[in-house]
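Read through the structure below, which is laid out as structure tokens, and then see the notes.
Since this is a predicted model, take the numbers as computed values, not measurements.
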Amino acid sequence: MEQGQDVLTQRSRDWKPPNQTAEEVSAATGTALDEPDGYSRNSLFRIGCAKINSSTPALPFLKSSHSDLRKRASVYSDVTPTTDIESDCSLFDSEGSFTPPDDSYAMQQGSPSDASSLSPGGRAEWKARSSYMAKNTLNPIRKIVDGMKLTPNPEKAMIALSIGDPTIYKNFSPPEEAVRAVKDAADSKKFDGYAPSTGILSAREAVADYASRSTSPVTAKDVILTSGASHALELSISVLCDRGSNLLIPCPGFSIYKTIACSLGVECRSYRLQPELDWEIDLDQLASLIDADTAAIVVNNPSNPCGSVYTKEHLQAILEVADYYKVPVIADEIYDDLVFPGHVFYPMASLTETVPVLACNGLTKKFICPGWRVGWITIHDRDGILEEEIRPGLISLSQRILGPNALVQGAIPTILSTVPRSFFDGIIATVHANAKASFDIMSGIPGLSPIMPAGAMYMMTRIDMEHFPEFEDDLSFTSQLVSEQSVFCLPGQCFDFPGYFRIVLTIPAEKMNDALSRIGEFCRQHFVPLQEPFRLTPYPDEHRYDFTCG
């Protein structure tokens, strides 16, 4: 961490969320502002002022938690404070609703051409353009997979080892206790309406009990319910990061971090996971990426795609880096407790008293119900670092979609308290058995080097590309595997880690064994041994040499 002092001259040791002055906002948006300095980059001007015909500012988003920002409301006709998030009423059709101004506002601000040239609607011609966010939203996995030429062998049934949905083959299902709880919630008729945007109180209390540890207790006020863990990640990244900031993400890593960040104009900086060390983080390289604009570090444990589970000591070392540079952590812990025998899951927040952590989790993986779309953020902030801006910012962002599925929220207290440990043990046993079988079989396949996972639902395998010269990269390798054997593995490039592929370990054992057999057949057909170089072997007579191979 030799760069530590240089970075710390830019980052205050008394860390707080980064601010942006009115002048900086004005320069970025091209609008004249008269507000005082110090507005949060996560407030009114997150996206900036949109333009009408390149010159007229449209309505900015209002952040109701800052009373001084409401001074801008005098420009508009119908702005009232949002409702109390703890109330049971919806923001729709309530006093918290927001009515945009009519077309006269744009005309008052000046138009790009003489008013006489405009149509009655205010524009001379149609100009429908997509937003910055839409133009910059891209799922790398979809881009790569859609660009691959995948034509399965018609003589062999397709086996997809690529899909991270544990319900796809119907060998895993949600626990009966969870299904019954949702049915009971539906029958009760108590959860048919809108819920508070941060979630129903009883559900948040249940999540707080579930997530609390003796060293990191949380209460209902520290819980934001979300539409799945991916939404929890979106809110966490959106509240901490802004255009011009950077986010540190794992490589290889789940693609959604980049999808969310890039849509906001946030730079992603990838820190290296070390396959030779069971995918531990290269901490020196991680530290070298941090500067004054680093907004957060994303840590995924247990990991997708690696299946790694970090030790307590390694997690503490990561937190030491975060503490030293005063960077908050976004902990993606959706695979919590899905760890194999001999390994232990430690929530990151339970290992620090100083680093603020937004922990993202949900029902999706552990409870085998990705379609139910309920996740959560737990806010761990002992020193109140996130109190002034990040906590109210999360509440504001939660109001954009008014919370997740209310029916499943109603079932959460029962789900989290009644599903027996034996249910999770059964999942772990099946996935672990598939992991061991896959590791053992692929270890014997020429040209492949699997890395045994410690948890989650995935395994990464290195392709020794020098032994497969007819394939340019992992994309062409996995594409041809589909064409010949009808087995699809996600290429490592989907995770910014070329030369590898990822397999899912949740499919039925018989299909897994069939898929592994086909992978072995494919590799043996295309494997090319490396030619040993010729070298000179001296004889006792110094003037004579034996030309040998080896």
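Asn246 and Thr294 are linked by a side-chain donor-acceptor pair at a separation below 3.5 angstrom, with hydrogens and angles left out of the test. One side chain, Asp332 or Tyr257, offers a donor N or O that lies under 3.5 Å from an acceptor on the other. Defined by atom type and a distance below 3.5 Å, a donor-acceptor pair is present between the side-chain atoms of Ser197 and Ser398.
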Can you list, pair by pair, the side-chain donor-acceptor contacts under 3.5 Å of residues 334-343, counting residues two or more places apart and other chains?
unit_1, atom_1, unit_2, atom_2, d
Tyr335, OH, Tyr458, OH, 2.6
Asp336, OD2, Tyr210, OH, 3.0
Asp336, OD2, Asn361, ND2, 3.4
Asp337, OD2, Lys366, NZ, 3.1

Result block: side-chain N/O donor-acceptor pairs under 3.5 angstrom for residues 503-515, not counting sequence neighbours:
unit_1, atom_1, unit_2, atom_2, d
Asn513, ND2, Ala509, O, 3.3
Asp514, OD1, Arg518, NE, 3.3
Asp514, OD2, Arg518, NH2, 3.1

Counting only pairs under 3.5 Å, give me each side-chain donor-acceptor contact of residues 226-236, with atom names and distances, residues two or more places apart or in other chains.
unit_1, atom_1, unit_2, atom_2, d
Thr226, OG1, Gly228, O, 2.9
Thr226, OG1, Gly375, O, 3.3
Thr226, OG1, Trp376, N, 3.3
Ser230, OG, Arg373, NH2, 3.2
His231, ND1, Ser227, N, 2.9
Ser236, OG, Ala232, O, 2.9

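Heavy atoms only, all atoms of each residue included: Gln409 and Pro404 are closest at NE2-O, 3.1 Å. What you find for Ala435 and Pro453 is that their closest heavy atoms are CB-CG, 3.9 Å. When every heavy atom of Tyr132 is checked against every heavy atom of Gly265, the shortest pair comes out as OH-CA, 3.1 Å. In terms of heavy-atom proximity, Ile200 sits nearest to Leu225 at N-CD1, 4.2 Å.
In this structure a side-chain-to-backbone donor-acceptor pair under 3.5 Å is missing from Thr352 to Met348. Side-chain N or O atoms of Arg213 include none that pairs as donor or acceptor with a backbone N or O of Ser350 at under 3.5 Å.
The side-chain hydrogen bond (donor to acceptor under 3.5 Å, both in side chains) contacts involving residues 260-271 comprise Glu267-Arg269, Arg269-Asp291, where partners must be two or more places apart or lie in separate chains. Applying the ring-ring contact (aromatic ring centres under 6.0 Å, His included) test to pairs two or more places apart or on separate chains, none has a residue in residues 381-405.
Asp425 and Arg421 are joined by a salt bridge, as a carboxylate oxygen and a charged side-chain nitrogen come within less than 4.0 angstrom of each other. Salt-bridge check for Asp496 with Lys258: passed, with a basic side-chain N closer than 4.0 Å to an acidic carboxylate O.
By the side-chain hydrogen bond (donor to acceptor under 3.5 Å, both in side chains) test, Ser422 is found to be paired with no residue, residues two or more places apart in sequence or in another chain being considered. Residues that satisfy the side-chain hydrogen bond (donor to acceptor under 3.5 Å, both in side chains) test with Ser188, not counting sequence neighbours, are absent from this structure. In this structure, the side chain to side chain contact (heavy atoms under 4.5 Å, CB included) partners of Val179, at least two apart in sequence or on a different chain, are Pro174, Lys183, Trp372. With sequence neighbours excluded, the residues forming a side-chain hydrogen bond (donor to acceptor under 3.5 Å, both in side chains) with Glu387 are Arg391, listed by chain and number. Remark: Thr378 pairs with His380 by the side-chain hydrogen bond (donor to acceptor under 3.5 Å, both in side chains) rule, at least two apart or across chains. Taking Phe424 as the reference, Phe367 meet the ring-ring contact (aromatic ring centres under 6.0 Å, His included) condition, with sequence neighbours excluded. Applying the side chain to side chain contact (heavy atoms under 4.5 Å, CB included) test to Gln493 and every residue at least two apart in sequence or in another chain returns Ile144, Asp473, Asp474, Leu475, Pro498.
Contact check for Gln316 versus Tyr346: no side-chain heavy atoms found under the 4.5 Å cut-off. Pro302 has its side chain within reach of Phe345: a pair of non-hydrogen atoms, C-beta onward, lies under 4.5 Å apart.
In the displayed structure, Glu353 atom CD is contacted under 6.0 Å by at most 12 heavy atoms of other residues, nucleotides or ligands.
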Given side chain to side chain donor-acceptor pair (under 3.5 Å), test Ser245 with Asp293 step by step and report yes or no.
-> CA-CA 5 Å; Ser245 64; Asp293 294 318; over 6 Å; no
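Both tests do not hold together for Arg502 against Phe497: distance to the six-membered ring centre under 6.0 Å, angle to the ring axis within 45°.
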